[in-house]
Protein chains: 2
Amino acid sequence: MSQAKLDHSPEAAPSKARLRLWLKLLKTSAGIETELRRRLRDQHATTLPRFDVMSALSRNPGGLKMSQLSQFLRVSNGNVTGIVDRLTEDGLALRVAVPGDRRAQVARLTPAGVAEFARLAAEHEAWIDELLAGLALEDINEMTALLEQIQPAAPAGDAT
Amino acid sequence: MSQAKLDHSPEAAPSKARLRLWLKLLKTSAGIETELRRRLRDQHATTLPRFDVMSALSRNPGGLKMSQLSQFLRVSNGNVTGIVDRLTEDGLALRVAVPGDRRAQVARLTPAGVAEFARLAAEHEAWIDELLAGLALEDINEMTALLEQIQPAAPAGDAT
DNA sequence: AATATAAATTTCAAGCTTGAAATTGTTTTG
DNA sequence: CAAAACAATTTCAAGCTTGAAATTTATATT
C-alpha cells in the first residue's frame, strides 16, 4: 500500500499552491489599491470610496437609488448613505426625490461632480496603465481570462 | 499619414484591457476577502485583521516588535496597537518588554492564541481550497507566475 | 378601512485604517 | 554632559465599513 503522504506529496501540494496564489493575489491588489488611495488623497484630496460612488453615478446620469448604488458597489446601505452625505456637502452630488415613491431617493452627480469625475477618471486610467506596465498585452488578456474562472460567491447585481 | 485613432485602435485598446484586468482583479480579491471575513465572523467570531496579526505572530514564536508587525503587515503603527490591544483583552496575545530597549515591546501569542490560530489556519486553508476550486492546478501556477510580474511600489519588508 | 407585511433609507455602535501629533526613551554630538 | 536628533509606541480625529435596529412609506390582507 502507499505510505502516508508528507507535505510534498501530490495530495498536499495543490492546497499549498492555492494558498500561495491567494496570498499573491491579495498582496498585488492590496498594493495597487494602496497606491491608488495614496494618489487620490495626495493629488486630488479624495478617497477611493468616493471615487467608486462617483464612477457609478457617472455611468448613470439619470441617477441611482441609494439601494441600487449599494447593490452595484456591493457595500451596505448605511455605507453609501455616509459617502453620498459627504459628496453632497462638497457639492459634488445631490439627492433627488423619486416621483412615485416617497421612501426612495436618487443620488446624482452635480455638474461640478461630473467635471471633477472626468478629471479623476483620466488620471485613474493613466495610473492603472502605469501600475500594470509590467505585463505584456498578451499576459493582460491571459490573466483576465484566468480570473474569469474564479467565481467567489458573487450573486445579484453582477456588473463586470 | 494615419488618421486619428478611435477607441478601438491599437493605441487605445491596451489601456482599456489593463483597466478591465484591474477591475476584474479587484473584484475577485474583494469577493474572496469578503467571503473570508464573513466566515471568520460567523463561524469564529473574529476578523481578518485579527487573523492576519495572529498569523504573523504564529510565524514568529519569539514575538515581534510592534513596529516589525506593522511593517510586515503593511499597516500603520497605530493600527496594530489597536488590534493587539483587543487580542490582548481576549487573552490571545500579550506584550513583553524588550530587555535592551525600554521603548519597545514585543507582541506574542499566548498558549490560547496559539491553539486558536491553529484552528483558524486549518479552516482558512480549506476555505481557500474551496474558493479557488475553479482553477486547475496548472492555471494556479500560471496565474501566480503572472502576478509576480506586477510590481506595485512595494518597498521594504517584502515577505512574499 | 384597519392591520400586517414589506421595502427604502437612515441611524447607530463597534471595529478597522490612516497620517499626524504627542510621549517616552535612546543615541549622537557639540 | 547637555542638547539635539532620532526611534518606538500610543493617542487622536476623521473617514470607511458592517450588521442590526429604527423610521418612514408603500402594498397586501383581512
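Note on naming: letters A, B, ... go to the chains in the order of the sequence lines (proteins, then strands), and numbering restarts at 1 for each one.
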Heavy-atom nearest nucleotide on DNA chain C taken for Gln105(A) and for Gly82(B); more 5' hit belongs to Gln105(A)
Looking only at side-chain N and O atoms, does Arg102(A) come under 4.0 Å of OP1 or OP2 in dT24(D)? no
Do Glu125(A) and Arg18(B) meet the salt-bridge criterion of a basic N to acidic O distance under 4.0 Å? no
Determine the contact category for Arg95(B): base if any of its heavy atoms lies under 4.0 Å from a base atom, sugar-phosphate if only primed atoms, P, OP1 or OP2 are that close, otherwise nothing. sugar-phosphate
Between the side chains of Glu35(A) and Arg39(A), is the shortest nitrogen-to-carboxylate-oxygen separation below 4.0 Å, so that they form an ion pair? yes
Comparing Val80(A) with Asp85(B), nearest DNA chain D nucleotide closer to 5' gives the residue Asp85(B)
Do you know the tightest heavy-atom contact between Phe117(B) and Met54(B)? CD1-CB, 3.8 Å
Under 4.0 Å between a Lys/Arg side-chain N and an Asp/Glu carboxylate O for Arg86(B) and Glu89(B)? no
Salt bridge between Asp90(B) and Arg50(B), side-chain N to carboxylate O under 4.0 Å? yes
Using the rule that two of Ile, Leu, Val, Met, Phe, Trp, Tyr join whenever any of their side-chain heavy atoms come within less than 4.5 Å, decide whether Val75(B) and Leu40(B) are in one cluster. yes
For Gly78(A) and Asp101(A), find the nucleotide of DNA chain D closest to each by heavy atoms; which residue's nucleotide sits nearer the 5' end? Gly78(A)
Contact class for Ser76(A) vs. all strands (heavy atom < 4.0 Å): base, sugar-phosphate, or nothing? base
First and last nucleotide of DNA chain C, 5' to 3', lying under 4.0 Å from heavy atoms of chain B: dG15(C) to dT26(C)
Which heavy atom of Glu116(A) sits nearest a heavy atom of His44(A), and at what distance? OE2-O, 4.5 Å
Flag the pair Asp85(A) and Arg95(A) as a salt bridge only when some basic side-chain nitrogen lies within less than 4.0 angstrom of an acidic carboxylate oxygen. yes
Counting distance alone, no hydrogens or angles: does the base of dA26(D) have a donor or acceptor under 3.5 Å from a partner atom on the side chain of Arg103(A)? no
Looking at DNA chain C, which of residues 39-62 of chain B put a heavy atom within less than 4.0 Å of it? Thr47(B), Pro49(B), Arg50(B)
